[in-house]
2 protein chains.
Amino acid sequence: MTNDRRRILAVDDEEDILEILSFNLSGEGYKVDTCISAEEALRKDLSGYDLFLLDVMMGPISGFRLAEKIRKELALTTPVIFLTARDSENDRITGFNLGADDYLAKPFSIRELSARVKAILRRSSPEQVTMETVAGDFTVDTANKLIYSEGVPLELTRKEYEILALFICNAGKIFSRNDILSKVWGDEVIVTDRTVDVTIARIRKKMGEKGNMIKNKSGYGYYFGD
Amino acid sequence: MTNDRRRILAVDDEEDILEILSFNLSGEGYKVDTCISAEEALRKDLSGYDLFLLDVMMGPISGFRLAEKIRKELALTTPVIFLTARDSENDRITGFNLGADDYLAKPFSIRELSARVKAILRRSSPEQVTMETVAGDFTVDTANKLIYSEGVPLELTRKEYEILALFICNAGKIFSRNDILSKVWGDEVIVTDRTVDVTIARIRKKMGEKGNMIKNKSGYGYYFGD
DNA sequence: CATATTTGTAACAATTTTGTAACCTGAATG
DNA sequence: CATTCAGGTTACAAAATTGTTACAAATATG
């Protein structure tokens, strides 16, 4: 997957929270660094992170102010999720002006946390300008979200593109319906697994005669191959 | 369905709640067991479940304490969803440390329930592992559910694959029909033991000349070897 | 806000897999 | 020998899985 070990920086003045964040997100495969204060965070090189988790209420420099510095002084567009106990309109407004990508009100559940993190990171995928070419004259252009079949671009919708890209980039590997749902739809969204079948039918149709390159292994799932 | 019949254990001291949970989740295709107390739950073999739904407020042993035992004493990483009427900071914190995967505040809607259950089970499923190579030019690829004979993949169905994988990974070991039924079909499914013979005949045929590598020791069972 | 696209679901059809019964073989039993 | 028993095979039916279509719901677009 696109997951090249995404890096997350969590800043909170409560040791407990930092540990919870670190433990759980590490378990999900992220590389997590923590800071006990905004000051400590500002002494680090913040350019290498893919996401910031900032507590709003912290010592002398609040999460809002820290985000402001990150955005304006450091000119980073890295996504930010604020952790906050408060839930007032004002907080929200301030947060949005600083470009908050999401809020997580404490207390939050682990599931809630990782779902949002995953969603945000997926949305803001780094999009390397890579071009991966694979079996059977299929080319995936991840930068432009295009898949070429023998040089001709397929007219795929978003979900269709993501599934086919997943398949082509992992040719031969079997994906169960759940794998696909989790990677393409994400864990927050709840849809029937038959949705996968229908979407794949649509992709196959758009692929024309090449459609049979998406194989199904009964009882296990789908995969791409000759 | 791809659902390998996920098993859920619901523990709550209210009979009504248990019935609601059981009825609705069964209807969604899950196998649901229920316990009216933590003590009762602890008397069961808890290792076979895919998810625990635990009421927080119960008799002498609370849901939190039960989860703690499950995690620490039984060393299970099975996901847990707490059912709770309370929603205070303390509850949440306690839950975190025990690795709660989610909370569901009573009263909850059926839709909410099944959405969360589904999401949790989906995310906790992936277990793509290794490649095991074994005797007589046979290779088992457990990730893609493929078995290669001299480098050429066999076209096996689910049951066929599981039986042959079992044999190859335990070459030389004799499996009675009951062993095979238990491991491949599971203990709840009831099928004739002649079904095993038929399935093995099918595997042998697909293996071609190598088919005779599945041996039978009359009166005892089948095994794999030269 | 009206219109076009995309996405999700349900229903039904087609296909594949699985289970059973019946029949066949050969060795062991008596 | 005839008989029994275990296992091999085959053909067919039942069940499960997948493919497809049509339509409703949700989103995006102008």
Side-chain angles (χ1 to χ4, degrees), chain A residues 123 145 154-164 167 174-186 188-209 211-224, chain B residues 1-5 27-29 111 114-115 118-119 122 145 154-164 167 174-186 188-224:
Chain A
R123 211 181 300 152
K145 309 263 186 211
L154 297 173
E155 303 249 326
L156 301 173
T157 67
R158 201 148 182 301
K159 296 272 187 278
E160 291 166 5
Y161 164 81
E162 290 195 22
I163 291 181
L164 187 53
F167 283 172
I174 289 201
F175 293 93
S176 71
R177 276 167 252 268
N178 277 341
D179 291 338
I180 296 169
L181 284 174
S182 175
K183 301 216 185 221
V184 174
W185 272 261
E188 327 87 85
V189 187
I190 310 297
V191 293
T192 313
D193 39 2
R194 291 313 310 275
T195 301
V196 173
D197 299 71
V198 176
T199 308
I200 283 185
R202 287 171 180 152
I203 298 172
R204 280 179 172 148
K205 185 181 276 184
K206 292 185 181 179
M207 289 169 75
E209 4 176 274
N212 57 11
M213 288 192 67
I214 297 181
K215 318 279 193 195
N216 173 274
K217 194 170 164 72
S218 188
Y220 289 112
Y222 295 94
Y223 66 97
F224 184 84
Chain B
M1 191 159 302
T2 318
N3 259 341
D4 279 293
R5 221 83 217 302
E28 307 250 333
R111 179 152 170 65
S114 61
K118 192 167 180 182
R122 196 161 72 203
K145 313 293 179 191
L154 297 174
E155 304 251 323
L156 301 174
T157 67
R158 211 145 49 130
K159 295 277 187 283
E160 291 164 6
Y161 164 81
E162 289 193 22
I163 290 180
L164 186 53
F167 284 171
I174 293 189
F175 292 94
S176 72
R177 275 167 254 268
N178 276 338
D179 290 339
I180 296 170
L181 283 176
S182 169
K183 298 209 186 236
V184 174
W185 272 261
E188 295 165 39
V189 186
I190 304 157
V191 292
T192 314
D193 48 0
R194 293 312 311 278
T195 301
V196 173
D197 299 79
V198 175
T199 309
I200 284 184
R202 287 172 180 151
I203 298 172
R204 281 177 170 149
K205 183 182 277 184
K206 292 185 181 179
M207 289 169 75
E209 357 176 281
K210 297 272 182 177
N212 57 13
M213 289 192 68
I214 296 181
K215 318 281 192 194
N216 173 276
K217 189 171 166 73
S218 192
Y220 289 100
Y222 296 94
Y223 66 97
F224 185 84

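Atoms considered below: every heavy atom in the structure, side chains included; atoms not considered: hydrogens, waters and symmetry mates.
At least one side-chain nitrogen or oxygen of B:Trp185 sits closer than 4.0 Å to the OP1 or OP2 atom of C:dG19. At C:dT18, none of the side-chain N or O atoms of B:Thr195 fall inside 4.0 Å of OP1 or OP2 (strictly under the cut-off). Of the side-chain N and O atoms in A:Thr192, none sit less than 4.0 angstrom from OP1 or OP2 of C:dG8.
Of the candidate nucleotides D:dA11, C:dT7, C:dA10, C:dA10 has the atom lying nearest to any side-chain atom of A:Val198. Looking at the side chain of B:Lys159, the nearest of the listed nucleotides D:dT20, C:dG19, D:dT9 is C:dG19. Listed nucleotides: C:dT6, C:dG19, D:dG8. Nearest to the side chain of A:Thr157: C:dT6. Looking at the side chain of A:Arg158, the nearest of the listed nucleotides D:dG8, C:dT9, C:dT7 is C:dT7. Residue A:Ser218 has its side chain nearest to C:dT16 when only C:dG19, C:dT16, D:dG19 are considered.
Sequence order on DNA chain D of the closest nucleotides to B:Lys217 and A:Asn216 puts B:Lys217 first from the 5' end. With DNA chain D read from its 5' end, the first of the two nearest nucleotides for B:Arg202 and B:Asp197 is the one closest to B:Asp197.
The distance from atom CD of B:Glu155 to atom P of C:dT18 is 14 Å, rounded to the nearest whole Å.
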For B:Arg204 and B:Asn212, run side chain to side chain contact (heavy atoms under 4.5 Å, CB included): C-alpha distance rounded to whole Å, both residues' side-chain angles, the deciding distance at 0.1 Å, then the answer. CA-CA 7 Å; B:Arg204 281 177 170 149; B:Asn212 57 13; over 6 Å; no
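The CD1 atom of A:Ile203 lies 11.0 Å from the CZ atom of A:Phe224; values are rounded to the nearest 0.5 Å.
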